[in-house]
Trainee: 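If you scroll down you'll find the structure; I have some questions about it.
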Amino acid sequence: MAAKRRFQTVKGMRDLLPGEAGTFAQVEATARRVFTLYGYREVRTPVVEDTDLFVRGVGEGSEIVGKQMYTFDDKKGRSLTLRPEGTAPVARAYLQHDMASWPQPVKVFYMGPYFRYERPQAGRYRQFSQIGAEVIGDPGPHTDVELLVMLLRFLEALGFEDLEVGINSVGDPECRQLYSRRLREFLEPHRDELGADSRRRLETNPLRILDTKAPGERQLLEAAPHLREVLGAPAREHFQVVCGQLERFGVAYRIDDRLVRGLDYYTRTVFEITSGALGAQDAILGGGRYDGLIGELGGPAVPGIGFAIGEDRLVDVLPDSSRLRAGRTAPVCVISVGPAALDVALELAEDLRVADVAAISEFAAGSLKAGLRKAGRRGCRWVVLVGEDEIAADTVVLRDFESSTQETVRRDEFVVTVKARVSA
RNA sequence: GUGGAUGUAGCUCAACCGGUAGAGCGCUUGAUUGUGGUUCAAGUGGUUGGGGGUUCAAGUCCCCUCAUCCACCCCA
């Protein structure tokens, strides 16, 4: 009774068909170009890592580690996890390959699939693509600024305008502890006005209450102490330099007191860019400094900063100018008329490609008419026709769909002719 | 994990108060012998997501399940 089952993508995962995949490829090419301009180099880390890397790196208290990881045991009983984010793996690679012995700071970028087991929603998938970059080994604020300028440059290159980055400082661990205590003291009297989630966070991670969406809680928080008011001198100065330099470079930013990120490793500078066009999942990118992460993973006290762009969301709101035009495959279509021409058509198409002219071959056309129709539907502008007549005369017919004209050219000259027409 | 909406041909959708499915697009072919895009015509295509129940009869009502979408949550 094996019901015929239609296979489909698993929940929260999707196919990117040619049009969309092409757009993704363009976005990625732009990222490579711009990031390389800033001296970053690409790294590729495995999709699977030791589960503990994320528990230690991202933080046990984070939601990601708490409930969203694809974790499984391999055949030897090792606990492995599909990477839910990109920074911890890069930090791991930094330590594993002793990049501390490279010229500091190390600047890398990466792109690829990430996995989080969450309920799918607009702009949220269980497998999603991120484009990220990290600078490891420089504690100074100018690095933060350069990273942000690069980010904006990249978005500009994609045609985005008027993007504003939200920025904040979550301080060093000491200021954060102090602030957590203050916030807790402030909220404690209003305990019963808080939702269940926020009440729980009051104990575990008070900072996260700041980015609540509940209107009542938001109102309550307006009178709450500000994180930046309790920043220690080093963190405060760092933040001031960052803001000052951003201004100097004309980066549109907005200080957002409520901006706290969900990953435990962030310190000092944190930022994100959101888009109103995205629905509830409106963050298209986020990042920040993580001066304690490398140490947390067992390495020396090396500072770092980085960001991750949600490529799927970015593509969702991509300006039309950067969207790949759909339809067109190759400009030239080689059509064989009748079975006798198949061998020749195969050869002609290959001759074109050798000469660096993109060509698609149409072997299966039932009739010449059908072949031409297909060529048109594929978006080809030029058609090379061969049939018995052409073979006998040692010629081919070159037709231009745009002007609806055609010419007969000698077989030994057709590559040159086609190339000239196509590039004209 | 919680809530809401939806699930009919490859795609977008239709089918009144239950009477065993239809359109457009697409795809294939044809409109005389080797010439596309327009037009016209024909053809192709669905055990109405799956399972169970109520009924003489279910795409239409009820239950379960799966999936999709949206929100909470979380974050990219």
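Just so we're on the same page: letters track the sequence lines, and every chain starts at 1.
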Trainee: Take atom CZ of A/Arg377 and atom P of B/U29, then tell me their distance rounded to the nearest Å.
Mentor: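 Rounded to the whole Å, the gap is 13 Å.
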Trainee: With the criterion set at under 5.5 Å between ring centres and under 30 degrees between planes, would B/A76 be stacked on A/Phe128?
Mentor: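 So A/Phe128 counts as stacking on the base.
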Trainee: Any base atoms under 4.0 Å from A/Tyr125, or only sugar-phosphate, or nothing? Heavy atoms, all strands.
Mentor: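 Touches a base.
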Trainee: In terms of side-chain heavy atoms, does A/Glu174 have a donor or acceptor partner in A/Tyr179 at a distance below 3.5 Å?
Mentor: no
Trainee: Have a look at A/Glu390 and say if it touches a base, only the backbone sugar-phosphate, or nothing, with a 4.0 Å heavy-atom cut-off.
Mentor: base
Trainee: Please confirm whether A/Arg41 makes a cation-pi placement over A/Phe109, using NZ or CZ under 6.0 Å from the six-membered ring centre and within 45° of the ring normal.
Mentor: no
Trainee: Contact class for A/Ala308 vs. all strands (heavy atom < 4.0 Å): base, sugar-phosphate, or nothing?
Mentor: sugar-phosphate
Trainee: What's A/Gln68 touching, base or sugar-phosphate or nothing? Going by heavy atoms closer than 4.0 Å.
Mentor: sugar-phosphate
Trainee: Please say whether the positively charged group of A/Arg14, taken as NZ for Lys or CZ for Arg, lies over the ring of A/Tyr125, i.e. under 6.0 angstrom from the six-membered ring centre and within 45 degrees of the axis.
Mentor: yes
Trainee: So which protein nitrogen or oxygen atoms get under 3.5 Å of nucleotides 37-39 of chain B's nitrogens or oxygens?
Mentor:
{"from": "B/G37", "atom 1": "O6", "to": "A/Ser404", "atom 2": "OG", "distance (Å)": "2.4"}

Trainee: Look at all strands and tell whether A/Gly279 reaches a base, only sugar-phosphate, or nothing, counting heavy atoms closer than 4.0 Å.
Mentor: sugar-phosphate
Trainee: Pick out the pairs of N or O atoms, protein on one side and nucleotides 1-3 of chain B on the other, that lie under 3.5 Å.
Mentor:
{"from": "B/U2", "atom 1": "O4", "to": "A/Arg119", "atom 2": "NH1", "distance (Å)": "2.3"}

Trainee: Calculate the interatomic distance between A/Phe24 atom CZ and B/A76 atom P; express it in whole Å.
Mentor: 17 Å
Trainee: Hey, does A/Glu63 reach any base, or is it just sugar-phosphate, or nothing, if we go heavy atoms under 4.0 Å?
Mentor: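 It contacts sugar-phosphate atoms only.
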